[in-house]
Amino acid sequence: MYAKSLTAPELSQHIDDLVQFVATALHGRRVKLLTCDKFPSYVDRTFVATIRAKHGIEMIVSPPYMPEKHPHVEGAHSRIQKLIRKMLL
(Lines give C-alpha, C1' and ligand atoms only; values in the text may rest on other atoms or scores of the structure.)
Protein backbone atom coordinates (compact mmCIF):
# COMPACT_ATOMS: atom_id res chain seq x y z
CA MET A 1 0.00 0.00 0.00
CA TYR A 2 1.53 3.25 -1.17
CA ALA A 3 0.46 6.77 -0.39
CA LYS A 4 -0.88 8.60 -3.44
CA SER A 5 -0.85 11.97 -1.74
CA LEU A 6 0.38 13.45 1.51
CA THR A 7 -2.98 14.38 2.96
CA ALA A 8 -3.95 13.82 6.57
CA PRO A 9 -7.12 11.81 5.71
CA GLU A 10 -5.04 9.40 3.62
CA LEU A 11 -2.56 9.07 6.48
CA SER A 12 -5.46 8.28 8.81
CA GLN A 13 -6.76 5.57 6.47
CA HIS A 14 -3.30 3.99 6.17
CA ILE A 15 -2.88 3.93 9.95
CA ASP A 16 -6.35 2.38 10.34
CA ASP A 17 -5.40 -0.29 7.78
CA LEU A 18 -2.07 -0.94 9.50
CA VAL A 19 -3.70 -1.32 12.93
CA GLN A 20 -6.29 -3.72 11.52
CA PHE A 21 -3.65 -5.76 9.65
CA VAL A 22 -1.39 -6.09 12.70
CA ALA A 23 -4.33 -7.16 14.89
CA THR A 24 -5.39 -9.78 12.35
CA ALA A 25 -2.00 -11.08 11.25
CA LEU A 26 -0.41 -11.08 14.69
CA HIS A 27 -3.36 -12.53 16.62
CA GLY A 28 -4.60 -9.50 18.50
CA ARG A 29 -1.34 -7.61 18.93
CA ARG A 30 -1.51 -3.86 18.52
CA VAL A 31 0.61 -1.08 17.08
CA LYS A 32 2.18 0.85 19.94
CA LEU A 33 4.74 3.07 18.20
CA LEU A 34 5.22 4.63 14.78
CA THR A 35 8.50 6.21 13.76
CA CYS A 36 8.23 8.54 10.80
CA ASP A 37 9.70 11.53 9.09
CA LYS A 38 7.92 14.85 9.21
CA PHE A 39 6.15 15.31 5.92
CA PRO A 40 3.29 17.79 5.31
CA SER A 41 0.38 15.64 6.48
CA TYR A 42 1.76 15.74 10.02
CA VAL A 43 1.54 19.52 10.16
CA ASP A 44 -2.09 19.40 11.36
CA ARG A 45 -1.24 18.36 14.90
CA THR A 46 -4.87 18.13 16.08
CA PHE A 47 -5.70 15.64 13.33
CA VAL A 48 -2.65 13.53 14.12
CA ALA A 49 -3.45 13.72 17.86
CA THR A 50 -6.94 12.41 17.13
CA ILE A 51 -5.52 9.47 15.16
CA ARG A 52 -3.02 8.70 17.92
CA ALA A 53 -5.67 8.87 20.65
CA LYS A 54 -8.05 6.67 18.64
CA HIS A 55 -5.50 3.84 18.45
CA GLY A 56 -3.31 4.58 21.49
CA ILE A 57 -0.21 5.00 19.34
CA GLU A 58 2.92 6.93 20.24
CA MET A 59 4.44 8.70 17.24
CA ILE A 60 8.11 9.61 17.08
CA VAL A 61 9.05 12.11 14.38
CA SER A 62 12.68 11.96 13.30
CA PRO A 63 14.60 15.15 12.55
CA PRO A 64 15.23 15.87 8.87
CA TYR A 65 18.52 14.89 7.23
CA MET A 66 19.71 12.86 10.23
CA PRO A 67 19.50 9.15 9.31
CA GLU A 68 21.57 8.24 12.37
CA LYS A 69 18.57 9.27 14.51
CA HIS A 70 16.40 6.52 13.03
CA PRO A 71 18.62 3.47 12.43
CA HIS A 72 15.70 1.02 12.46
CA VAL A 73 14.11 2.70 9.46
CA GLU A 74 17.41 2.94 7.61
CA GLY A 75 18.10 -0.73 8.38
CA ALA A 76 14.66 -1.72 7.09
CA HIS A 77 15.23 0.26 3.88
CA SER A 78 18.57 -1.48 3.41
CA ARG A 79 17.08 -4.96 3.94
CA ILE A 80 14.19 -4.24 1.56
CA GLN A 81 16.55 -2.96 -1.13
CA LYS A 82 18.70 -6.11 -0.81
CA LEU A 83 15.63 -8.35 -1.11
CA ILE A 84 14.40 -6.46 -4.17
CA ARG A 85 17.82 -6.77 -5.83
CA LYS A 86 17.82 -10.52 -5.18
CA MET A 87 14.33 -10.89 -6.66
CA LEU A 88 15.26 -8.93 -9.78
CA LEU A 89 18.37 -10.97 -10.54
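Note that the structure is a prediction, hence the values are computed from the model and not measured.
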TODO: Under 4.5 Å between side-chain heavy atoms, chaining through other members, with only Ile, Leu, Val, Met, Phe, Trp and Tyr counted: pull out the rest of the cluster around M87, sorted by chain and number.
DONE: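 Taking Ile, Leu, Val, Met, Phe, Trp and Tyr as members, M87 shares its hydrophobic cluster with I80, I84, L88.
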- [ ] Supply the atom-to-atom distance D17 CG to Q13 CD, rounded to the nearest 0.5 angstrom.
- [x]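 If I round to the nearest 0.5 Å, the distance is 4.5 Å.
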Open item on the list: Tell me every residue that passes side chain to side chain contact (heavy atoms under 4.5 Å, CB included) with K82, counting only those two or more places apart in sequence or in another chain.
Closed with: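 Here the qualifying residues are S78, R85.
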Donor-acceptor list for residues 51-58 side chains, cut-off 3.5 Å, not counting sequence neighbours:
residue: R52; atom: NE; partner: I57; partner atom: O; Å: 3.2
residue: K54; atom: NZ; partner: D16; partner atom: OD1; Å: 3.3
residue: K54; atom: NZ; partner: D16; partner atom: OD2; Å: 3.3
residue: H55; atom: NE2; partner: D16; partner atom: OD1; Å: 2.6

TODO: Determine, stepwise, if the pair I15 / V31 fulfils side-chain contact (heavy atoms from CB on, under 4.5 Å).
DONE: CA-CA 9 Å; I15 291 175; V31 177; over 6 Å; no
